[in-house]
A.B. asks: 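Before I ask anything, let me first share the structure, which is written out below as structure tokens.
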Amino acid sequence: MSNTLLITRGKNWVEHTAMMQLKGLANLKGVVKAVGLPDLHAGKTPIGVAIVSEGIIYPHIIGNDIGCGMGLFNTGIERKRFKMDRWVTRLNHIRELADLETVNPYDEQSPIYDLGTIGSGNHFAEFQVLQEVFDPAEFEKLNISKDDLLLLIHSGSRGYGQSILREFSDPQGYLVGSMEAKCYLKKHRTALLWAERNRIVVANKLIDYLGYASQAATVIDCKHNFLEQKDHLFIHRKGAVSAEVGAVVIPGSRGSLTYIVRPTDKVEESAYSLSHGAGRKWARSLCKSRIRDKYDRDTIRETKLKSWIVCHDADLLFEEAPEAYKNIDMVIESLLEFGLIKIVAALKPVLTYKG
DNA sequence: ATGTGC
């Protein structure tokens with residue numbers, strides 16, 4: 001009997017390569033269940049998976065960016081204070097976030113050497129506003145209102161996670177109870193802590209840089225690259241979030257809505273996991289040639305939702321274009337069809353910043 | 001993904 005499950009509905013396209021990669025992980029020693037979430041796509045290891053194992057752990061499934069995730073913050077800034085032209089100009093002045101002074105508000109020294117940076121690739125900082133409330137009772141628990149300017153930070157443990165993976169990169173995995181497994185789990189825990197702290201530090205740095213005295217209040221923080229022990233099992237989540245820690249934020253691309261959802265009590269089926277986003281549709285290397293002719297240097301920066309992106313990396317603008325991602329609605333509908341979520345609210349991007 | 005590999 002197969003130990004593999006793909007959570008998807010008819011219209012949600014999932015590439016064959018990613019499915020093969022998922023089956024590869026399902027066949028690893030000690031793997032008891034392998035779940036592909038609707039945003040499953042191919043990578044060095046597949047992204048959008050929850051892999052449950054017994055007696056052995058596989059750090060390479062988690063990958064280099066241990067603790068990477070989405071932090072949704074209430075900026076304490078009123079939505080009406082947002083002025084597109086002024087904010088774009090101001091953010092354009094940042095060459096790199098590393099150039100701005102970072103204050104480490106924690107007692108310990110950060111193992112992330114460049115704390116306060118978001119990194120590159122698919123990482124971003126995005127100002128958002130409330131678009132629609134679907135479940136008023138659940139929405140009320142979030143402590144946000146239609147007047148609030150929100151900030152979504154996608155980042156992780158930067159070079160620190162990378163250094164941990166280098167130490168524990170054996171694709172054969174490590175036996176639970178071994179010195180190596182214990183050591184990995186300890187460092188992994190530190191990476192999770194500091195990846196979350198990094199999201200908070202970045203959020204506050206941007207709020208401060210834009211001239212506001214308020215502090216970022218965490219609405220939701222959900223990591224999507226991590227290993228969780230559950231009873232005698234280990235759940236490897238790579239591009240997947242836990243469905244057991246309250247509301248979850250599932251963003252689309254910079255040109256689509258972000259959903260706040262509430263997991264249901266049926267999530268055992270998906271290894272207590274949900275999608276982390278829309279998922280890539282196009283490989284990075286294909287993006288530029290496919291859409292270059294459609295845009296000029298300005299129009300590539302605006303979206304259907306009238307949001308804008310500040311980004312000094314010309315290639316990244318194409319690699320991270322909305323077209324490169326799947327339709328978030330297909331992902332959400334797949335999760336709904338399997339009875340795994342209820343939609344709480346939708347947010348709309350207004351301004352994205354990328355490294 | 002990456003205080004980036006050749």
Side-chain angles (χ1 to χ4, degrees), chain A residues 17-18 21 25 37 39-49 51 58-71 94-104 109-126 152-171 184 187-188 190-192 194-199 201-202 205 222-227 236-241 251 253-254 275-287 311-321 324-325 352-355:
Chain A
T17 315
Q21 288 186 330
L25 297 185
L37 290 147
D39 54 340
L40 174 68
H41 59 284
K44 200 167 178 180
T45 61
I47 298 132
V49 301
I51 309 296
Y58 294 98
H60 79 289
I61 296 178
I62 308 303
N64 60 310
D65 199 359
I66 302 162
C68 185
M70 303 283 171
I94 307 174
R95 263 190 318 125
E96 292 182 57
L97 274 178
D99 295 341
L100 303 182
E101 192 198 357
T102 297
V103 179
N104 175 3
Q109 194 191 337
S110 170
I112 300 177
Y113 119 98
D114 48 0
L115 185 76
T117 63
I118 53 174
S120 185
N122 59 1
H123 290 170
F124 61 78
E126 187 168 87
L152 181 65
I153 305 289
H154 178 197
S155 188
S157 55
R158 312 290 286 107
Y160 181 54
Q162 171 95 316
S163 71
I164 298 171
L165 179 64
R166 261 199 300 270
E167 249 188 285
F168 300 95
S169 58
D170 189 345
Y184 173 77
K187 292 185 175 181
H188 162 277
T190 306
L192 298 191
W194 281 93
E196 180 171 352
R197 287 176 169 178
N198 189 40
R199 292 188 279 276
V201 169
V202 168
K205 201 163 146 174
C222 46
K223 50 191 176 285
H224 52 234
N225 295 345
F226 70 112
L227 189 47
H236 302 68
R237 294 194 182 89
K238 169 65 170 176
V241 301
S253 68
R254 71 175 184 249
S275 292
H276 80 314
R280 279 200 90 79
K281 186 170 67 184
W282 295 351
R284 289 179 180 281
S285 56
L286 299 174
C287 297
C311 174
H312 297 308
D313 183 334
D315 289 336
L316 209 50
L317 284 172
F318 290 96
E319 290 171 9
E320 294 292 320
Y325 283 85
T352 309
Y353 173 85
K354 283 180 75 76

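Just so it is clear: chains get the letters A, B, ... in the order the sequence lines come, proteins before strands, and each one is counted from 1.
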A.B. asks: Applying a 4.0 Å non-hydrogen cut-off, can you work out what A:Ser120 is touching in the nucleic acid: base, sugar-phosphate, or nothing?
C.D. replies: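 Sugar-phosphate, backbone atoms only, no base.
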A.B. asks: Write down the distance between CD1 (A:Ile118) and P (B:dT2), rounded to a whole number of angstrom.
C.D. replies: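 Checked: the CD1 to P distance equals 9 Å.
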A.B. asks: Could you tell me if the side chain of A:His123 sits less than 4.5 Å from the side chain of A:Cys68, heavy atoms only?
C.D. replies: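 With C-beta onward as the side chain, the pair touches.
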A.B. asks: Apply side chain to side chain donor-acceptor pair (under 3.5 Å) to A:Gln21 and list each qualifying residue two or more places apart in sequence or on a separate chain.
C.D. replies: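 So A:Gln21 forms no side chain to side chain donor-acceptor pair (under 3.5 Å) with any residue.
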A.B. asks: Only one of A:Ile62, A:Ile61, A:Ile51 passes side chain to side chain contact (heavy atoms under 4.5 Å, CB included) with A:Leu227; say which it is.
C.D. replies: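 Result for side chain to side chain contact (heavy atoms under 4.5 Å, CB included) with A:Leu227: A:Ile62.
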A.B. asks: Whole-Å distance between B:dT4 P and A:Asp315 CG?
C.D. replies: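 So the CG-P distance, A:Asp315 to B:dT4, works out to 18 Å.
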A.B. asks: Measuring centre to centre across the rings, with the benzene-like ring taken for any Trp, is A:His154 within less than 6.0 Å of A:His224?
C.D. replies: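 Aromatic pair counts; centres sit under 6.0 Å.
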A.B. asks: For DNA chain B, what residues of residues 159-167 of chain A have any heavy atom nearer than 4.0 Å?
C.D. replies: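 By residue number: A:Gly159, A:Gln162.
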A.B. asks: Mind calculating the distance between CZ (A:Arg158) and P (B:dT2) to the nearest angstrom?
C.D. replies: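 For the pair A:Arg158 CZ and B:dT2 P, the rounded distance is 5 Å.
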A.B. asks: So A:Leu25 and A:Pro46, do their side chains get closer than 4.5 Å, heavy atoms only?
C.D. replies: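 Side-chain contact under 4.5 Å: yes.
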A.B. asks: Are A:Arg254 and A:Phe124 close enough that some pair of their side-chain heavy atoms sits under 4.5 Å apart?
C.D. replies: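 Contact flag for A:Arg254/A:Phe124 side chains = no.
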A.B. asks: Nearest-Å distance, CG (A:Asn64) to C1' (B:dT4)?
C.D. replies: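 That distance rounds to 11 Å.
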